[in-house]
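These notes are about the structure you will find just below.
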Amino acid sequence: MRDRRKKQRRSVEARHAAVRELPTVELRHHAVLSGRPGEERVAASVGPDGHVIALWAAARDVPALTSTTTKAGWATFPDPRTSRPVAARVSIHTPEPTTVADLRELNLAHTTVQPLPGGRTLVVGARSRFRAESPDRNAVIYDSEGNVVAEATVGDGIEHVLTTPTGHIWVGYFDEGVYGNYGWGEGEAPGPIGASGLVRFAPDLRADWHFPLDPGLSGGAISDCYALNVDGETAWTCYYTDFPIVRVRDDALTGWRNPVRGPKALAVEGSRAALLGGYAPERDRLAVGALEDGDFHVTGEYRVVLPDGQPLPAEVQLLGRGPDLHVLTGSDWYRLGLEHGRTGAAWA
């Protein structure tokens with residue numbers, strides 16, 4: 001056992017050293033994400049137009065929006081709902097900030113926020129507990145005045161939420177949303193809504209497409225949706241266990257085998273693709289290549305750094321939309337696009 005641990009530690013150290021030796025590519029600072037005095041950002045994502053959408057709340061309300069429950073003295077579980085309704089504000093950053101709506105009684109915890117057509121806003125909570133009388137409704141649509149216009153249950157274990165220009169909603173699930181937790185799939189309860197790993201919902205929050213449980217691809221079914229990119233109405237995903245890159249266009253699947261393990265964000269432009277992130281030693285690794293003949297052919301690997309050459313902070317959010325990678329950390333919004341490499345930047 002001791003020898004095996006030593007071997008595993010040496011393997012991690014070797015991978016870490018290999019990543020440190022990669023050439024670096026600097027992110028481009030795009031904007032500062034700032035709220036009003038006394039506010040803290042509790043969620044942020046990127047909409048279909050490439051703009052950041054953020055959810056803000058007063059500092060005193062943040063614990064309610066990020067609440068957890070500890071069981072058996074050690075196991076911590078995110079709560080599906082807040083202990084009390086709180087006020088929140090939604091803003092769009094282009095990069096200049098504009099308030100979209102004031103939400104007066106938000107009661108979802110651990111949220112993702114996305115824009116919808118007509119000035120509406122979608123807020124989705126990551127967790128949903130199944131109850132026979134009424135499962136947690138963890139998707140809420142607000143109008144521009146902050147009024148609730150629709151609610152639905154979109155499943156537990158939500159990792160990604162990305163909307164399209166027509167108002168469709170792509171939801172990617174992590175393993176607990178696929179295999180069941182929080183009562184889903186237990187006893188007489190129905191199976192998890194996210195059992196397929198990736199579901200598209202219509203603008204009325206009705207599920208209208210599920211990733212096939214037997215997709216007929218070399219990568220197999222989704223056990224955990226690691227990366228999701230929605231470009232227009234087309235979705236791209238890279239998922240556990242074999243990490244294929246898969247395109248869903250007009251409900252048809254196309255897949256490419258991929259040697260890169262554990263990416264957190266995916267960008268695509270034509271036949272070119274980039275994967276950002278990975279397991280601990282590769283958390284700042286960027287792999288760029290071509291989608292050809294059923295495979296992702298890696299043509300370059302890099303280490304992503306801040307514009308001043310410093311490493312990425314420990315807390316960082318990685319997102320992909322179309323050909324662009326977005327990095328959110330602290331109050332800063334950075335971008336990196338596939339077109340930058342094609343037009344003469346330090347990577348290609």
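These numbers come from the heavy atoms of this one structure, side chains and all, not from hydrogens, waters or symmetry mates.
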R261 and its side-chain contact (heavy atoms from CB on, under 4.5 Å) partner, picked from Y226, F243, Y240: F243
Note, V52 side chain near I92 side chain (heavy atom, < 4.5 Å): no
Check ion pair R335-D324 (N to O, under 4.0 angstrom): yes
Contact check, side chains of R127 and D79, non-hydrogen atoms, under 4.5 Å: no
Heavy-atom pair with the smallest gap, counting every atom of Y182 and E176: CE1-OE1, 4.3 Å
Carboxylate-amine/guanidinium proximity below 4.0 Å for D136 and R131: yes
Same apolar cluster (I L V M F W Y, side chains within < 4.5 Å links), L275/L336: no
Parallel, tilted or perpendicular: rings of Y239 and F211 (30°, 60°): perpendicular
Nearest atoms (heavy-atom pairs only) where E269 meets P323: CB-CB, 3.8 Å
Exercise: do H297 and T299 side chains pair donor with acceptor under 3.5 Å: no
Flag side-chain contact, heavy atom, 4.5 Å: L217 against P244: no
Any donor-acceptor N or O pair under 3.5 Å, side chains R303, T24: no
Smallest separation among heavy atoms of P203 and I141, with atom names: O-CD1, 3.8 Å
Residues forming a salt bridge (charged side-chain N to carboxylate O under 4.0 Å, His left out) with D242, sequence neighbours excluded: none
OG1 on T99 to CH2 on W56, rounded to 0.5 Å: 10.0 Å
pair R200-D251: side-chain heavy atoms closer than 4.5 Å: yes
OG1 on T82 to NE2 on H110, rounded to 0.5 Å: 10.5 Å
Straight-line distance of E151 CD to T153 OG1, nearest 0.5 Å: 9.0 Å
Shortest non-hydrogen separation from V260 to A287 and the atoms involved: CG2-CB, 3.8 Å
Straight-line distance of N229 CG to H160 NE2, nearest 0.5 Å: 10.5 Å
Within 45° cone and under 6.0 Å: R28 NZ/CZ vs Y334 ring: no
Test item: W184 and I193 side chains (from C-beta on) under 4.5 Å apart, heavy atoms: yes
Nearest heavy atoms of P117 and R120, plus distance in Å: O-NE, 3.0 Å
From CZ (F77) to CG (N181), nearest 0.5 Å: 6.5 Å
Exercise: identify the closest heavy-atom pair between T237 and C225: OG1-SG, 3.4 Å
Which donor-acceptor pairs under 3.5 Å do the side chains of residues 161-169 make with protein atoms, sequence neighbours left out?
from : atom 1 : to   : atom 2 : distance (Å)
T163 : OG1    : Q114 : OE1    : 3.2
T163 : OG1    : P115 : O      : 2.8
T164 : OG1    : T166 : N      : 3.3
T164 : OG1    : T166 : OG1    : 3.1
T164 : OG1    : G167 : N      : 3.4
T164 : OG1    : H168 : N      : 3.1
T164 : OG1    : E233 : OE1    : 2.8
T164 : OG1    : E233 : OE2    : 3.1
T166 : OG1    : H168 : ND1    : 2.9
T166 : OG1    : E233 : OE1    : 2.9
T166 : OG1    : E233 : OE2    : 3.0

Near-ring test W236/W170, centroid separation under 6.0 angstrom: no
